[in-house]
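Because the structure is a prediction, the values reported are computed rather than measured.
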Amino acid sequence: MHVIEVTPLVSIPKSQNQTFSYFWPESLNAGDLVFAPVRNKKTLAVVLRSTPLAKQKIMLKKMAGFALKKLLGLKKADVITKKQIEFAIWLSNYYFAPLGLCMKLVLPKFWKNTLLRSYGASEGLSPKKDEGYSANQNKPKKENIKEDFFIDGDIKKYFNYIDPNGQTLILVPQKISIPIIQKVLSEYKSVGIHGNLTIKEQFKTHQEIQNGISLIIGTRTALFYNYPNLKSIIVHDAGSENYYSDMTPKYFAPKIVKKLAQLNNANIVLAGFPFPDLLPKAISKKIPQIKKLASNLEVVDMVKEIQHGNFSFLSQTLTEKIKDYIINNDRVILFSHRRGYSLYICRACGKTVSCDNCSVAMTIHHGDAKTYLLCHRCQAQKPVPQFCPSCENYALKPYGFGSERIAKEIQKLLPESKIFLLDQDNVKEENGLSVIKKWLETPSILIATSMLFSFKDFIREERKKLKIVSGIIGLDQLMQFPDFRMNNKILKEVYSIRKLSDQTILQTIDSKTEIINALDTQTYNEFLKKDLENRQIMNYPPFGQIIKIESKNINEGQALHQARNLTYALKKLKPDLINNGQILGPVPALISKEKDKYIFNVLIRIPFKESEEQFENEIITRNQILNMIGSNFEILVDPKNPL
């Protein structure tokens, strides 16, 4: 008889037990799939360990009045490896996420397909000799791991980091980069992994990896495959926002790469523009040197344009460059962060027309048959009002320039030119590549939002001898955004656009700011050094960890009341809070109402004593405090948006 410890593959609040114990007549292996009775339901679960009953007698005596239940059966054997189990447990602890959902990430999606019974054992019972997973088994030798931080994102340089004696994983933010990197590194046999693979494709990919294929290129889902001989991990475009998972567990893929490398004794390479969050605290004052670009950047002061009688959103300089490039059969990129047409603002009271469900301004969109307002948070639509909802004045006017309005104005300015729109409203992600190809094939203008960066590798590889001029419109909107990561985002985006272009025109209403000066003079390292000094004062990454706790309720007063009570309780615990963490709030979220619920945030900033690695030893203490928070709050560790 054996005591079997399992974790059910369901979402269980972290404040509750994540594992359950049952008995079974035979030993089972860690990684076996079983059926377990959980709250009177037959639930699929993963075996963590199996212990002979004789070794558990003391534990069972302490559980007087409680009888272990029997498992309902073995579903499939040897599905998950011990390294994958340890990876899932670490992910659950670090991000304070349900263990069952983390275990689902490492569970192969093809395990239940009846066409693939050659994988693992068939359904039924089979005796096991291994007593199961132990957290002390196969501890990696961390000192063997070599880390290279932020090499140039030139794909050809990856040849220097591919280990010929093992497997190399190249992590990419989006699947569009997979065939591009495969083409450049074609001398290596490779497989591509992304979330849209069919069950059969996943199984075939799994078999090739188990057979030792040398190069694997994949999106963040590739992190959860089993690699028998992983020697090197390259993170392509390491600061990309596409590495954030929007589904629970909410993790940042480059952040968890280090744990995967430790479990496999693999080396790490972070490529692309430096992302401060990923820098070790020890070298944060010595940022890897950012290569200066030969392409020309011209900063245009839009205030001076207005003073000279130009009230257009396009400067004279950019207008002339667009015309020159089109005449010479070259290409133009006009980049804007805002999609849609524009906001709708009242000139009498200064307020915008906002969404009824969310506290955000709605954006004008022109459909095939109508003009309407759209909320970019909840996708709610409503007709364009005739008067201001706030003051009932008939003074509503479009304000600002989104991608659709830029396209309309360019069509007026250059009626003969070919225009392509690249944004979420007009192009689905899977169709974006065809738009880019058409733009490269025709002397034309591409008006793009941040979707452009999904295709930057393709543009760089396929542009050949084409000349490209880029115009950056509305950058000032980002400069006013109160996010500690925003400076790095601006530097990276402008750097990426310059890398795609022969000439770049940056329009701004405030040309004297430090960040504009850094972009103009290419003094990136100096600017980032100051940015890191400010982060250190505030205990922002890489000097500390941020935990955001969201209080949501359809009643604003109730949401605030919950957040205040939580803040009071946490401050009482402050002497025990790890590393003297700071508690802030409650404060309304930047978007204080979303989908009919009001949101108040409580922030905890925890400084790292010496290093992030040493902080991992204190996660247990941190989680004990977080366990005291009720399940009616959402807890986000290292959130994408701390506001």
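Put simply, CG on Asn601 and CD1 on Ile547 are 13.5 Å apart, with the number rounded to the nearest 0.5 Å. Remark: Ile635 CD1 to Leu626 CG distance equals 5.0 Å, nearest 0.5 Å. Here CZ of Arg338 is found 6.5 Å from OG1 of Thr363. Values are rounded to the nearest 0.5 Å. Rounding to the nearest 0.5 Å places CD1 of Ile599 at 13.5 Å from CG of Leu560. To the nearest 0.5 Å, atom CG of residue Asp457 and atom CD1 of residue Ile178 are 11.5 Å apart.
For CD of Glu550, the number of neighbouring non-hydrogen atoms (other residues, nucleotides, ligands) closer than 6.0 Å is greater than 12.
The backbone N or O of Tyr251 lies less than 3.5 Å from no partner atom in the side chain of Asp638, so there is not a single donor-acceptor pair. Between the side chain of Asn627 and the backbone N or O of Asn623 there is at least one donor-acceptor pair closer than 3.5 Å. Formation of a donor-acceptor pair under 3.5 Å by the Arg220 side chain with backbone atoms of Val172 is not found in this model. For Arg605 (side chain) and Gly544 (main-chain N/O), no donor-acceptor pair under 3.5 Å exists by modelled atom type. With hydrogens and angles disregarded, no donor-acceptor distance shorter than 3.5 Å links the side chain of Thr7 to the backbone of Val46. Checking side-chain atoms of Ser551 against main-chain N and O of Ala559 turns up a donor-acceptor pair under 3.5 Å. The backbone N or O of Pro249 sits less than 3.5 Å from a side-chain atom of Ser245, completing a donor-acceptor pair. Without hydrogens or angle criteria, Gln202 side chain to Leu197 main chain gives a donor-acceptor distance under 3.5 Å.
In this model, a donor atom of one side chain and an acceptor atom of the other lie less than 3.5 Å apart for Thr81 and Gln84. Glu5 and Ser21 form no side-chain donor-acceptor contact under 3.5 Å, judged by distance and modelled atom types alone. Under 3.5 Å, the side chains of Lys83 and Asn264 contain a donor-acceptor pair of N or O atoms. For the residue pair Gln381 / His365, no side-chain donor-acceptor distance below 3.5 Å is found, with atom types taken as modelled.
Remark: Asp237 engages Lys456 in a salt bridge, criterion side-chain N to carboxylate O under 4.0 Å. With respect to Arg535 and Glu533, no salt bridge is recorded, no charged nitrogen being found less than 4.0 Å from a carboxylate O. By the 4.0 Å N-to-carboxylate-O rule, Lys597 lies too far from Glu556 to be salt-bridged with it. Taking a cutoff of 4.0 Å between a charged side-chain nitrogen and a carboxylate oxygen, Asp152 and Lys499 qualify as a salt bridge.
Ser631 meets the side-chain hydrogen bond (donor to acceptor under 3.5 Å, both in side chains) test with no other residue; sequence neighbours excluded. Under the side-chain hydrogen bond (donor to acceptor under 3.5 Å, both in side chains) criterion, Tyr524 pairs with Gln522, sequence neighbours left out. Partners of Arg377 under the salt bridge (Lys or Arg N to Asp or Glu O under 4.0 Å) rule, at least two apart in sequence or in another chain, are Glu594. For Tyr225, there are no ring-ring contact (aromatic ring centres under 6.0 Å, His included) partners at least two apart in sequence or on another chain. In this structure Gln16 satisfies the side-chain contact (heavy atoms from CB on, under 4.5 Å) test together with Ile12, Pro13, Arg39, sequence neighbours excluded. Applying the ring-ring contact (aromatic ring centres under 6.0 Å, His included) test to Phe87 and every residue at least two apart in sequence or in another chain returns Phe224. By the side-chain hydrogen bond (donor to acceptor under 3.5 Å, both in side chains) test, Asp476 pairs with Thr508, sequence neighbours left out. For Asn555, the side-chain contact (heavy atoms from CB on, under 4.5 Å) partners at least two apart in sequence or on another chain are Asn553, Gln558. Residues passing the side-chain hydrogen bond (donor to acceptor under 3.5 Å, both in side chains) test with Asn565 are His561, sequence neighbours excluded. Residues satisfying the ring-ring contact (aromatic ring centres under 6.0 Å, His included) criterion with Tyr243, sequence neighbours excluded, are absent altogether. The ring-ring contact (aromatic ring centres under 6.0 Å, His included) search around Phe484 returns Tyr540, not counting sequence neighbours.
Minimum heavy-atom separation, Ile516 to Asp510: CG1-O, 3.7 Å. Across every non-hydrogen atom of Ala563 and Val602, the tightest pair is O-CG2, 3.8 Å. Nearest heavy-atom pair, Leu171 versus Ala253, reported as atom, atom and distance to 0.1 Å: CD2-CB, 4.0 Å. Nearest heavy-atom pair, Lys548 versus Pro642, reported as atom, atom and distance to 0.1 Å: CD-O, 3.5 Å. For Met362 against Cys375, the heavy-atom pair with the smallest separation is CE-N, 3.5 Å. Glu86 approaches Leu263 most closely through the heavy-atom pair CD-CD2, 3.4 Å.
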* Asked: So Ile549 and Glu634, side chain to side chain contact (heavy atoms under 4.5 Å, CB included) or not? Walk me through it.
  -> CA-CA 6 Å; Ile549 307 167; Glu634 183 172 7; over 6 Å; no
* Hey, mind stepping through Phe453 and Phe335 against ring pair (Phe, Tyr, Trp, His ring centres under 6.0 Å) and telling me if it holds? -> CA-CA 11 Å; Phe453 302 116; Phe335 179 77; 5.3 Å; yes
* To do: Report the C-alpha separation of Ser403 and Asp423 in whole Å, then their side-chain angles, then the decisive distance to 0.1 Å, and conclude whether the side chain to side chain donor-acceptor pair (under 3.5 Å) test is met.
  => CA-CA 8 Å; Ser403 53; Asp423 62 30; 2.5 Å; yes
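Aromatic rings of Phe600 and Phe633 (six-membered ring for Trp) have centroids beyond the 6.0 Å cut-off, not under it.
Each of Leu270, Val235, Asn488 was evaluated against Phe275; a single residue qualifies, Asn488, per the side chain to side chain contact (heavy atoms under 4.5 Å, CB included) test.
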Name each donor-acceptor pair under 3.5 Å that joins a side chain in residues 585-593 to protein atoms two or more places apart or in another chain, with its distance.
| unit_1 | atom_1 | unit_2 | atom_2 | d |
| --- | --- | --- | --- | --- |
| Ser592 | OG | Ser359 | OG | 3.3 |
| Lys593 | NZ | Asp356 | O | 3.1 |

